[in-house]
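In what follows, a structure is listed as structure tokens, so that the remarks can point back to it.
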Amino acid sequence: MKEKKFFISSSIPYVNAEPHLGHAQEFIEADIIARYRRLMDDTVFFLSGTDDNAQKNVQAAESAGIPVADYVNKHAKEFIDLEKRLNISNDYFIQTSVDPRHRDGAQKLWRACKPEDIYKKSYKGMYCLGCEEFKTEADLVNGECPEHPGKKLEEVEEENYFFKLSNYQSKLKNLVESDELQIIPQTRKNEVLSFINSGLEDFSISRSVARTKGWGIPVPDDETQTMYVWFDALSNYITALGYSDDGADYEKFWKESNERVHVIGKGISRFHTIYWPAMLLSTGVRLPSKVFVHGYITVGGQKMSKTIGNVIDPNVVIDEYGADAFRYYMARHISPFDDGDFTMEKFKEVYNANLANGLGNLSARIMKMAQDNLDEPVKVDNYGYTFQDGYIDESLSEYKINMAMEYIWSKIGDLDREITEKRPFSLLKESPETAKEIIVNLVLNLYRVGCMLQPFLPETADLIINATRINKKPENLFPRKD
RNA sequence: CGCGGGAUAGAGCAGCAGUAGCUCGUCAGGCUCAUAACCUGAAGGUCGUUGGUGCAAAUCCAACUCCCGCAACCA
């Protein structure tokens with residue numbers, strides 16, 4: 001099989017708060033794909049990071065009374081820690097305010113844009129001092145900012161750089177329609193196309209230094225302007241690879257790669273499927289090949305929000321149930337494409353049903369029989385099974401992670417049924433040879449399940465595979481919770 | 001005419017044209033190897049409403065009702 005070069009990224013969240021379930025979901029989805037591709041012998045670069053330069057970070061730091069850099073680093077560390085705890089196998093983690101290659105790369109990208117695509121324009125708008133951001137007519141209620149009633153809106157006028165998105169309307173349309181820039185799932189592709197067809201307006205790509213308070217990346221050759229954070233943030237996907245100095249990873253995983261995939265949430269699909277590709281078209285840099293758009297996570301059917309107080313810290317779930325149990329829920333019970341719901345009650349239910357009673361119990365059943373009745377370990381390596389399975393390949397090639405999981409769990413059900421039907425435990429007395437044959441076959445199939453689980457539940461997969469290799473019942477993989 | 005998503009057994013969801021399925025719960029059996037786990041069976045659905053296309057519709061089309069997001073710089 002020919003080795004492929006595969007790039008995949010999670011989006012870089014701005015770090016004005018602790019990581020939540022949505023971030024964890026995205027990390028897990030991207031990680032499953034990355035691990036799967038490595039198992040398929042592709043050469044993979046999996047990128048993750050934080051968007052440090054957003055103005056929201058500045059506001060959050062100010063209200064916390066901490067220097068922006070400290071504030072950003074503190075929260076970035078929480079993201080790094082969460083990824084570690086979730087066994088996310090990213091090859092690099094870029095912090096956009098820390099890595100000097102990012103600043104250089106973003107400025108290089110700016111300079112690389114066609115001169116006619118960037119122009120200066122006076123921008124006038126109603127600025128809310130409370131929110132510290134511009135408001136559009138639609139944002140206002142009775143001419144006031146709904147967040148800060150009574151507070152006067154200030155009419156601010158300043159010069160900003162704009163990007164001539166309108167130049168790229170038809171090109172973008174063709175790219176998306178032809179799937180040269182593939183958007184998954186189809187509904188998101190339709191949304192993007194309808195947005196393109198409604199007409200693309202140029203967008204602002206800089207802010208005055210006065211408003212950014214000097215935080216962010218300076219616009220090249222203009223000390224009065226800071227880059228608009230999206231221009232800066234989107235470029236992370238290539239700056240992290242070494243775009244600024246044509247580094248080896250940039251050559252390998254961007255310029256010459258077979259696939260370049262961004263995993264993002266539905267709220268930022270426009271930036272990734274329209275703004276970002278347009279910027280790249282202007283500079284002549286290669287485009288991503290796929291954008292995989294996932295939904296949001298609701299809690300008890302409601303949007304997660306601090307006001308409602310229903311925000312769940314992924315760390316709390318991991319503390320109680322472990323990383324693999326959490327990965328399991330995200331992979332199988334949250335749709336990769338639509339919004340999914342999460343509550344601790346539901347989590348516990350599926351944990352007990354599918355992990356404790358399902359996979360955990362099955363592993364114990366089979367390996368106890370094997371340990372007590374087989375003289376030596378089953379030669380699983382001679383079985384010739386590595387990872388591949390047609391159904392899983394097909395599901396994952398379309399990013400249907402939950403379908404792949406359904407399939408694996410159907411195999412688990414098959415094995416439980418087989419034990420009941422073939423009754424090796426009672427055959428041991430009457431015809432031990434037949435019983436042993438059955439047990440050997442069960443071990444092989446358990447091994448196969450372990451292999452299939454590798455991208456999804458890496459720790460558990462290793463424990464199962466190892467148990468079959470040493471012919472020993474594993475420790476309680478998923479203790480039942482009452 | 002803003003855009004999109006949802007409405008399927010008591011609950012939560014999958015299916016998206018060809019005998020209605022999964023998890024939990026309920027009831028009745030079986031098994032006793034295993035994490036009081038596992039297996040089988042049963043009860044329970046006019047697949048939001050009304051029309052249409054098809055030999056055939058949760059599945060395609062149209063209209064309507066009710067929920068939920070988004071509405072250009074917000075995972």
Side-chain angles (χ1 to χ4, degrees), chain A residues 10-14 16-17 19-27 51 54-56 133-134 136 138-139 165 187-188 190-191 194-195 198-205 207 228-231 233 263-271 274-275 293-298 300-304 332-335 337-341 343 345-346 348-350 352-373 402-403 406 409-410 412-413 415-428 435 438-439 442 473-482:
Chain A
S10 63
S11 61
I12 54 173
Y14 58 83
N16 68 339
H20 56 59
L21 292 173
H23 300 115
Q25 175 199 11
E26 185 168 304
F27 296 151
D51 171 12
Q55 277 305 293
K56 301 235 175 192
E133 63 184 19
F134 282 102
T136 62
D139 293 329
L165 188 62
T187 49
R188 299 292 164 220
N190 295 344
E191 272 179 29
S194 101
F195 183 73
S198 74
L200 296 180
E201 291 172 23
D202 298 347
F203 67 105
S204 151
I205 52 171
R207 297 286 186 268
Y228 169 50
V229 70
W230 272 107
F231 193 98
V263 179
I264 61 166
K266 65 182 184 182
I268 55 174
S269 72
R270 268 172 205 171
F271 300 100
I274 295 172
Y275 295 6
V293 186
H294 61 77
Y296 284 167
I297 294 178
T298 55
Q302 286 182 305
K303 190 181 168 176
M304 272 190 287
R332 184 175 180 198
H333 296 282
I334 300 287
S335 159
F337 309 127
D338 299 319
D339 289 357
D341 198 54
T343 62
E345 291 71 28
K346 271 183 200 169
K348 187 169 146 185
E349 182 186 308
V350 301
N352 279 329
N354 303 314
L355 292 175
N357 300 348
L359 179 60
N361 181 58
L362 177 72
S363 306
R365 289 181 99 171
I366 292 177
M367 290 317 298
K368 182 68 162 55
M369 280 192 279
Q371 171 188 285
D372 292 349
N373 299 292
N402 55 345
M403 297 306 283
E406 294 288 339
W409 257 262
S410 77
I412 291 170
L415 288 176
D416 267 325
R417 206 166 302 116
E418 190 178 332
I419 296 172
T420 304
E421 282 165 9
K422 294 189 176 166
R423 308 179 49 79
F425 44 86
S426 57
L427 275 179
L428 277 165
I438 295 168
I439 294 171
L442 288 168
K473 175 176 174 283
E475 289 304 305
N476 207 335
L477 294 173
F478 298 101
R480 210 186 141 79
K481 300 270 183 187
D482 291 309

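Just so it is clear: chains get the letters A, B, ... in the order the sequence lines come, proteins before strands, and each one is counted from 1. Note that these values count all heavy atoms, side chains included, but never hydrogens, waters or copies made by symmetry.
- A search for salt bridge (charged side-chain N to carboxylate O under 4.0 Å, His left out) contacts involving Glu406(A) returns Arg332(A), not counting sequence neighbours.
- Listed for the Ser10(A) side chain is no donor-acceptor partner under 3.5 Å among the backbone atoms of Ile264(A).
- Checking side-chain atoms of Glu26(A) against main-chain N and O of Ser11(A) turns up a donor-acceptor pair under 3.5 Å.
- The same atom, P, is picked in rA58(B) and in rA7(B); the two are 15 Å apart, to the nearest Å.
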What N/O pairs connect the protein and nucleotides 4-8 of chain B at under 3.5 Å? Give each pair on its own line.
{"unit_1": "rG4(B)", "atom_1": "O2'", "unit_2": "Glu191(A)", "atom_2": "OE2", "d": "3.0"}

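- Among the nucleotides rC33(B), rU35(B), rA72(B), the one closest to any side-chain atom of Lys368(A) is rC33(B).
- Because its glycosidic torsion is within 90° of 0, rG54(B) is reported here as syn.
- In terms of the salt bridge (charged side-chain N to carboxylate O under 4.0 Å, His left out) criterion, Lys473(A) has no residue partners (sequence neighbours excluded).
- A gap of 10 Å separates the C1' atoms of rC47(B) and rG15(B), to the nearest Å.
- Out of rA75(B), rU35(B), rA37(B), the shortest distance to the side chain of His23(A) is found at rA75(B).
- Looking at residues two or more places apart in sequence or on another chain, you find a side-chain contact (heavy atoms from CB on, under 4.5 Å) between Lys266(A) and Arg188(A), Val293(A), Tyr296(A), Asp339(A).
- Using a 4.0 Å heavy-atom cutoff across all strands shown, His294(A) reaches no nucleic acid atom at all.
- Spacing between atom CG of Asn373(A) and atom P of rA34(B) amounts to 11 Å, rounded to whole angstrom units.
- In this structure, NZ of Lys422(A) is placed 18 Å from P of rU32(B), rounded to the nearest angstrom.
- Under the rule for a salt bridge (charged side-chain N to carboxylate O under 4.0 Å, His left out), the partners of Lys346(A) that lie at least two apart in sequence or sit in another chain are Asp341(A).
- Two residues, Gly199(A) and Gly265(A), neighbour RNA chain B, and the one matched to the more 5' nucleotide by heavy-atom proximity is Gly199(A).
- Comparing the C1' positions of rG45(B) and rG12(B) gives a spacing of 15 Å, expressed to the nearest Å.
- Comparing Glu201(A) and Leu21(A), the nucleotide of RNA chain B nearest to each residue sits closer to the 5' end for Glu201(A).
- In this structure, the salt bridge (charged side-chain N to carboxylate O under 4.0 Å, His left out) partners of Lys368(A), at least two apart in sequence or on a different chain, are Asp372(A).
- rA57(B) and rU19(B) are spaced 14 Å apart, taking the C1' atom of each and rounding to whole Å.
- Trp409(A) places its CH2 atom 17 Å from the C1' atom of rC38(B), with the value rounded to the nearest Å.
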Set out, line by line, the N/O atom pairs under 3.5 Å between protein and nucleotides 40-44 of chain B.
{"unit_1": "rU40(B)", "atom_1": "OP1", "unit_2": "Arg417(A)", "atom_2": "NE", "d": "2.9"}

Polar atom pairs (N or O), protein with nucleotides 67-70 of chain B, under 3.5 Å:
{"unit_1": "rC70(B)", "atom_1": "OP1", "unit_2": "Lys303(A)", "atom_2": "NZ", "d": "2.3"}

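- Look at CG on Leu415(A): it is 17 Å from P on rA34(B), rounded to the nearest Å.
- One atom, CG of Leu362(A), and another, P of rA34(B), lie 13 Å apart when rounded to the nearest Å.
- If you check every strand for non-hydrogen atoms under 4.0 Å, Ile264(A) touches nothing.
- Ile419(A) places a side-chain heavy atom less than 4.5 Å from the side chain of Leu362(A).
- Side chains of Asn354(A) and Phe478(A) form no contact here, defined as non-hydrogen atoms less than 4.5 Å apart.
- Atom-to-atom, CG of Asn476(A) to C1' of rA36(B) comes out at 13 Å; the value is rounded to the nearest Å.
- Contacts of Pro13(A) classified as side-chain contact (heavy atoms from CB on, under 4.5 Å), with partners at least two apart in sequence or in another chain: His23(A), Phe79(A).
- Side-chain atoms of Phe195(A) and Leu200(A), non-hydrogen and from C-beta on, do get closer than 4.5 Å to each other.
- Counting any heavy atom pair closer than 4.0 Å across all strands shown, Ile297(A) reaches a base atom.
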All N/O contacts under 3.5 Å from nucleotides 21-31 of chain B to the protein, with atom names and distances to one decimal?
{"unit_1": "rC24(B)", "atom_1": "O4'", "unit_2": "Glu349(A)", "atom_2": "OE2", "d": "3.0"}
{"unit_1": "rC31(B)", "atom_1": "O3'", "unit_2": "Arg423(A)", "atom_2": "NH1", "d": "3.3"}
{"unit_1": "rC31(B)", "atom_1": "O3'", "unit_2": "Arg423(A)", "atom_2": "NH2", "d": "3.4"}

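- Distances shown here put every side-chain N or O of Lys481(A) at or beyond 4.0 Å from the OP1 or OP2 atom of rU35(B).
- Checking rA75(B), rC13(B), rC38(B) against every side-chain atom of Tyr14(A), the shortest atom distance belongs to rA75(B).
- We find that CZ of Phe478(A) is positioned 15 Å from C1' of rA37(B), with the value rounded to whole Å.
- Atom P of rA75(B) sits at a distance of 39 Å from the matching atom of rG18(B), rounded to the whole Å.
- Partners of Thr420(A) according to the side-chain contact (heavy atoms from CB on, under 4.5 Å) rule, which considers only residues two or more places apart in sequence or in another chain, are Arg365(A).
- In rA11(B) the base sits anti relative to the sugar, since the glycosidic angle is further than 90° from 0.
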Could you go step by step and tell me if Ile268(A) and Trp230(A) meet the side-chain contact (heavy atoms from CB on, under 4.5 Å) rule? CA-CA 10 Å; Ile268(A) 55 174; Trp230(A) 272 107; 3.6 Å; yes

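- rU35(B) atom P lies 12 Å from atom CD1 of Ile419(A), rounded to whole Å.
- Between rA20(B) and rU59(B), the distance separating the two P atoms is 13 Å to the nearest Å.
- With both ends at atom P, the span from rG54(B) to rU40(B) equals 42 Å, rounded to whole Å.
- In this structure, Asn352(A) contributes its side chain and Asp482(A) its backbone to no donor-acceptor pair below 3.5 Å.
- Taking a pair as Watson-Crick or G-U with both hydrogen-bonding distances under 3.5 Å, the stems of three or more pairs touching RNA chain B are B:2-7 with B:65-70, B:10-13 with B:21-24, B:26-30 with B:38-42, B:48-52 with B:60-64.
- With both ends at atom C1', the span from rG10(B) to rA43(B) equals 12 Å, rounded to whole Å.
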